[in-house]
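Take a look at the structure below.
Values reported hereafter were calculated over all heavy atoms of this structure, with side chains retained and with hydrogens, waters and symmetry mates removed. Labels below follow one simple rule: chain letters A, B, ... track the order of the sequence lines, proteins then strands, and each chain is numbered from 1.
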Protein chains: 2
Amino acid sequence: MAVRRADVVAAALGILDQFGLADLTMRRVGSALEVKAGALYWHFPNKQSLLAAVADAILAEVVAPEPGPWRPWLAAWTDRLRTTLLRHRDAAELVSATLATGLGAVDLGTPPARVLHGAGLGEADARAAARALVHLTLGQVSEEQTRATLSEVGVVSGHDPEAAARDHAAGVALLLDGLAFRLRD
Amino acid sequence: MAVRRADVVAAALGILDQFGLADLTMRRVGSALEVKAGALYWHFPNKQSLLAAVADAILAEVVAPEPGPWRPWLAAWTDRLRTTLLRHRDAAELVSATLATGLGAVDLGTPPARVLHGAGLGEADARAAARALVHLTLGQVSEEQTRATLSEVGVVSGHDPEAAARDHAAGVALLLDGLAFRLRD
DNA sequence: ACCTGAACACCGTTCAAGT
DNA sequence: ACCTGAACACCGTTCAAGT
């Protein structure tokens, strides 16, 4: 039974979820598929491309909110992005890295930028605001996930998920206030 | 001549600047000091601790603006943070990773949080805003530095530093607008 | 106090050769 | 078309032993 590209991505995502990014090696993905590491290079040119595909798979889970007023739409979208990232171990770090390399296919900033542009913001400002929202979320979740892992191992104590959610919402609300100020008549 | 802890950090920073984070290995740092990799473990318990020390050294270069009104103070501080990060290859990625592990000594969020609290913002909101500012900057610079490296190798074309500066300023301004809204009477 | 030598258990990647 | 075997050039980390 030949392994297909999608099988490789699924296996990699499974390893990420169970063991984290540090254990996501080509050799481990291969052995999960009962195949040697070298075989993966038939499907992907290198490890980074495989990681980008995993990041894309994760981001595809973010469902866009129903069309509506820009502020609740953005608040909901940001929250869904956060929740999706939290569902997969080390996902924020993985997505950040992929976003930086530019290898990912999913354009994370486009949906919020479109909404903001539709609300009357200039295109450049809309893109800048979308980037800010994305970086804010990735940064907060990345810190939260690392802390969660560390507290699991017992290195650090008292990781509070509700406090993290509030922190994130506070940062987002600040940005949305700034946007409301820009969009006022 | 015995190698001291500070020598190790300086050598590591030199390798980071010249060759980037991927080439910053214990073996390379050792050979730059004419010492075997194992010798470094006399000074640091592991690689992460050495990286944290390097991150601290970089962040120590950020000089706080003169005391003054919160808005220009924060704008200046954020800009200096960005400029400092840009002076060292892959610095944003390194600092982000260190910040997540909690190993770093420099508390990046405290100065802006203090200024905001002094301006009348509640302590929790001040901390959340400071975190937002930091994550925004780290995310933008991290992307910028990766793109800069890629464009150096020729993988990607047209990295525009001025556009990146404008993007960052736009994101920060948005947040500061939100803060101004909160701090209005 | 500080370092070497040498090992252990890994990595990502390549590529001829097989089926 | 897809995979193995086997290698290449590396990693971080440990630790007895040396000075």
- Query: Taking NZ, NE, NH1 and NH2 as the nitrogens, is one of them in A:R71 or A:D177 under 4.0 Å from a carboxylate oxygen of the other?
  - Reply: yes
- Side chain of A:V3 only, please: which of C:dT13, D:dC3, D:dT13 is the nearest? D:dC3
- Message: Reading DNA chain D from 5' onward, which residue's closest nucleotide shows up sooner: B:R27 or A:G38?
- Response: A:G38
- Message: For a quick test of reading the model: is some side-chain N or O of A:K47 closer than 4.0 Å to OP1 or OP2 of C:dG12?
- Response: yes
- Query: Within a strict 4.5 Å, meaning less than it, do heavy atoms of the B:V62 and B:W77 side chains meet?
  - Reply: yes
- Proximity to the side chain of B:A2 - top-ranked nucleotide from C:dC3, D:dG12, C:dG12: C:dC3
- Message: Below the 4.0 Å mark, does C:dA1 have OP1 or OP2 next to a side-chain nitrogen or oxygen of B:H43?
- Response: no
- Looking at the side chain of B:T25, which of D:dC11, C:dG12, C:dC2 is the nearest nucleotide? D:dC11
- Rounded to whole angstrom units, what separation is found between the CZ atom of A:F44 and the C1' atom of D:dC2? 14 Å
- Query: Can you tell me how far C1' in D:dA7 sits from the matching atom in C:dC11, rounded to whole Å?
  - Reply: 14 Å
- Item | Which atom of B:G171 lies closest to which atom of A:A132, heavy atoms considered | CA-CB, 4.3 Å
- Whole angstrom is fine here: how far is it from NZ in A:K36 over to P in C:dA16? 20 Å
- Query: Can you check the A:M26 CE to D:dT4 C1' distance for me, whole Å?
  - Reply: 16 Å
- Message: Without decimals, in angstroms, what is the distance between B:W42 CH2 and D:dT14 C1'?
- Response: 14 Å
- Query: Which atom names give the shortest non-hydrogen contact between B:G120 and B:L183, and what distance separates them?
  - Reply: C-CD2, 3.9 Å
- Task: Answer yes or no: is there a side-chain heavy-atom contact under 4.5 Å between B:M26 and B:L50?
- Result: yes
- Query: So, for A:W73 and A:A64, which heavy atoms are closest and what is the spacing to 0.1 Å?
  - Reply: CZ2-CB, 4.3 Å
- Note on the structure: Here the distance between atom C1' of C:dG12 and atom CZ of A:R28, to the nearest Å, is 16 Å
- Task: Indicate yes or no: at least one non-hydrogen side-chain atom of A:E93 is less than 4.5 angstrom from one of A:Q145.
- Result: no
- Can you check whether B:H117's main-chain N or O pairs, donor with acceptor, with B:E123's side chain at less than 3.5 Å? no
- Please report, rounded to the nearest Å, how far the P atom of D:dC2 is from the CD atom of A:E34. 18 Å
- Query: To the nearest angstrom, how far is A:Y41 atom OH from D:dA6 atom P?
  - Reply: 19 Å
- Message: Without decimals, in angstroms, what is the distance between B:L24 CG and D:dC11 P?
- Response: 11 Å
- Message: From the set C:dG12, C:dT4, D:dT4, return the single nucleotide nearest to any side-chain atom of B:V35.
- Response: C:dT4
- Task: Output the single nucleotide from D:dG12, C:dT4, D:dC11 whose closest atom is nearest the side chain of B:A39.
- Result: C:dT4
- Note on DNA chain C: ranges paired as stems (three or more Watson-Crick/G-U pairs in a row, both atom distances under 3.5 Å) are C:4-8 with D:12-16, C:12-16 with D:4-8
- Minimum-distance nucleotide (side-chain atoms of A:N46 versus D:dG12, C:dT13, C:dG12): C:dT13
